[in-house]
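Each remark here refers to the structure printed beneath this line.
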Amino acid sequence: MIDGWTTISSTLEYTGVRVVVRRDTVRRTDLSTGTYEYTESADGVRVVALDDRSRIALVEESVYVCGQQLLMCPGGGCEPGEDPLTAAQRELAEEAGIRATEVEPLTTMWRMPAGARTREHLLLARGLTVGEHHRDASEADMELHWVPLEQAIQMCSDGRVTEAGTLAAILLTAQHAAVPRPPAAPTG
C-alpha cells in the first residue's frame with residue numbers, strides 16, 4: 001500500500017479461472033477518497049530466445065481479446081508458485097519447441113499498472129536447441145518465425161510488433177546485446 005493511504009473496503013466483484021476483479025475504496029494521504037477497480041491474475045513471462053545467428057523467435061498468434069494476429073515473444077502466465085525462470089523454460093518449450101541452456105532476467109514490469117495487479121517478467125534465453133512444441137488448443141494456429149534482432153527492433157517501431165511485453169523485451173535485448181559481456185571466469 002502507498003505510504004499514508006488506507007484501504008477502507010475491498011470487494012471481490014468476480015472470480016474467473018485466471019482472473020479476479022476487485023473494487024477497493026481508499027483514503028489517500030490528503031484524506032480524499034477514491035475507488036479503484038482492477039484485475040488480479042498470475043504474473044506472466046515473455047522470453048526473447050536469441051540464437052547464435054542473432055535471430056529471435058517470435059510466435060504469431062490469434063489473440064481473441066484484441067481480435068488480431070499478434071507477433072510476440074513466447075510467453076504466458078506463471079503457474080501458482082512457479083518461478084519466472086521455470087515458467088520461461090516451460091513456455092519456450094510449449095509454444096516454440098525451444099530449449100535454452102541459459103535464461104537470464106532482463107527486467108520485471110507492470111502489465112497495466114492502473115488496471116491490473118500483475119507483473120510481466122522479461123527474460124533473455126540463449127544456448128538454444130529447437131525440437132517439438134507442445135501447444136494447447138488455443139495455440140493451435142500459432143506459427144514460429146525467426147527474425148534477425150535488428151529487424152525485430154524495426155518491427156517495434158513500424159507497428160508490426162505491438163504487444164507491450166514483447167516490445168520492451170526486444171528493446172531491452174537490443175540494449176543488452178550492445179553491452180559487451182565480461183569474459184567467462186577461468187575454470188580449474
Side-chain angles (χ1 to χ4, degrees), residues 1-3 5-28 32-49 57-100 103 105-125 132-145 156 159-172:
M1 178 56 73
I2 299 170
D3 192 35
W5 289 38
T6 305
T7 303
I8 298 168
S9 66
S10 183
T11 307
L12 183 63
E13 298 292 323
Y14 172 79
T15 301
V17 174
R18 296 189 180 271
V19 68
V20 169
V21 179
R22 301 193 71 87
R23 178 180 291 130
D24 291 0
T25 301
V26 301
R27 179 169 288 111
R28 300 179 192 101
S32 65
T33 58
T35 300
Y36 295 88
E37 296 174 336
Y38 59 94
T39 63
E40 291 179 325
S41 60
D43 283 359
V45 295
R46 284 279 165 227
V47 188
V48 176
L58 293 176
V59 291
E60 186 173 5
E61 179 178 9
S62 297
V63 180
Y64 172 78
V65 175
C66 67
Q68 295 182 348
Q69 291 236 221
L70 298 180
L71 282 168
M72 299 181 287
C73 292
C78 296
E79 297 297 332
E82 186 179 35
D83 175 73
L85 293 173
T86 303
Q89 292 277 17
R90 178 180 49 74
E91 288 291 342
L92 275 176
E94 286 177 5
E95 292 186 357
I98 296 172
R99 305 270 189 273
V103 179
L106 291 167
T107 197
T108 299
M109 62 183 237
W110 289 100
R111 283 187 176 167
M112 191 177 84
R117 191 174 279 172
T118 306
R119 297 173 301 170
E120 190 85 2
H121 302 272
L122 308 180
L123 302 107
L124 174 60
E132 288 293 316
H133 59 75
H134 305 284
R135 299 176 184 146
D136 64 33
S138 69
E139 301 166 333
D141 70 339
M142 190 179 276
E143 290 184 38
L144 176 62
H145 302 277
C156 291
R160 288 180 283 169
V161 171
T162 57
E163 191 271 326
T166 297
L167 281 162
I170 289 171
L171 297 175
L172 285 168

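Values below: all heavy atoms of this structure, side chains included; hydrogens, waters and symmetry mates excluded.
Note that the CZ atom of Arg90 and the CD atom of Glu95 stand 9.0 Å from one another [nearest 0.5 Å]. Rounded to the nearest 0.5 angstrom, Thr6 OG1 and Arg27 CZ are separated by 7.0 Å. Note: Glu120 CD to Trp110 CH2 = 12.0 Å, rounded to the nearest 0.5 Å. In this structure, the separation between CZ on Arg46 and CE on Met72 is 5.0 Å, given to the nearest 0.5 Å.
Residue Tyr38 is tested with Thr118, Val21, Val20, Asp24 for a side chain to side chain contact (heavy atoms under 4.5 Å, CB included); the sole match is Asp24. When each of Glu37, Glu13, Glu40 is paired with Arg22, the side chain to side chain contact (heavy atoms under 4.5 Å, CB included) condition holds for Glu40 and for no other. Just one of Thr108, Asp83, Thr107 meets the side-chain hydrogen bond (donor to acceptor under 3.5 Å, both in side chains) condition when paired with His121; it is Thr108. Ser62 pairs in a side chain to side chain contact (heavy atoms under 4.5 Å, CB included) with only one of the listed residues (Gln69, Met142, Gln68), which is Gln69.
Using a 4.5 Å heavy-atom threshold, the side chains of His133 and Leu144 count as separate. Within the 4.5 Å cutoff, the side chain of Glu61 has no heavy atoms near those of the Leu70 side chain. Annotation: side chain of Cys73 is in contact with side chain of Ile170 (closest heavy-atom distance under 4.5 Å). Looking at Leu58 and Thr166, their side chains come closer than 4.5 Å, going by heavy atoms from C-beta outward. In this structure, Arg119 and Pro84 have side chains that are not in contact, with every pair of non-hydrogen atoms separated by 4.5 Å or more.
Under a 3.5 Å cut-off, the side chain of Glu79 and the backbone N or O of Ala87 do not form any donor-acceptor pair. For the pair Glu163 (side chain) and Gly165 (backbone), a donor-acceptor distance under 3.5 Å is present. When atom types are taken as modelled, the side chain of Arg28 and the backbone of Thr33 share a donor-acceptor pair closer than 3.5 angstrom.
Annotation for Arg99 and Ala93: closest pair NH1-CB, 2.7 Å, computed over non-hydrogen atoms. Closest of all the heavy-atom pairs between Val161 and Leu71 is CG1-O, 4.1 Å. Here the closest heavy-atom approach between residue Cys156 and residue Leu167 is recorded as CB-CD2, 3.4 Å. When all heavy atoms are compared, the tightest approach of Ala100 to Ala125 is CB-CB, 3.7 Å.
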Working note: Leu123 + Val45, criterion side chain to side chain contact (heavy atoms under 4.5 Å, CB included); need CA distance, chi angles, decisive distance, verdict. CA-CA 7 Å; Leu123 302 107; Val45 295; 4.0 Å; yes
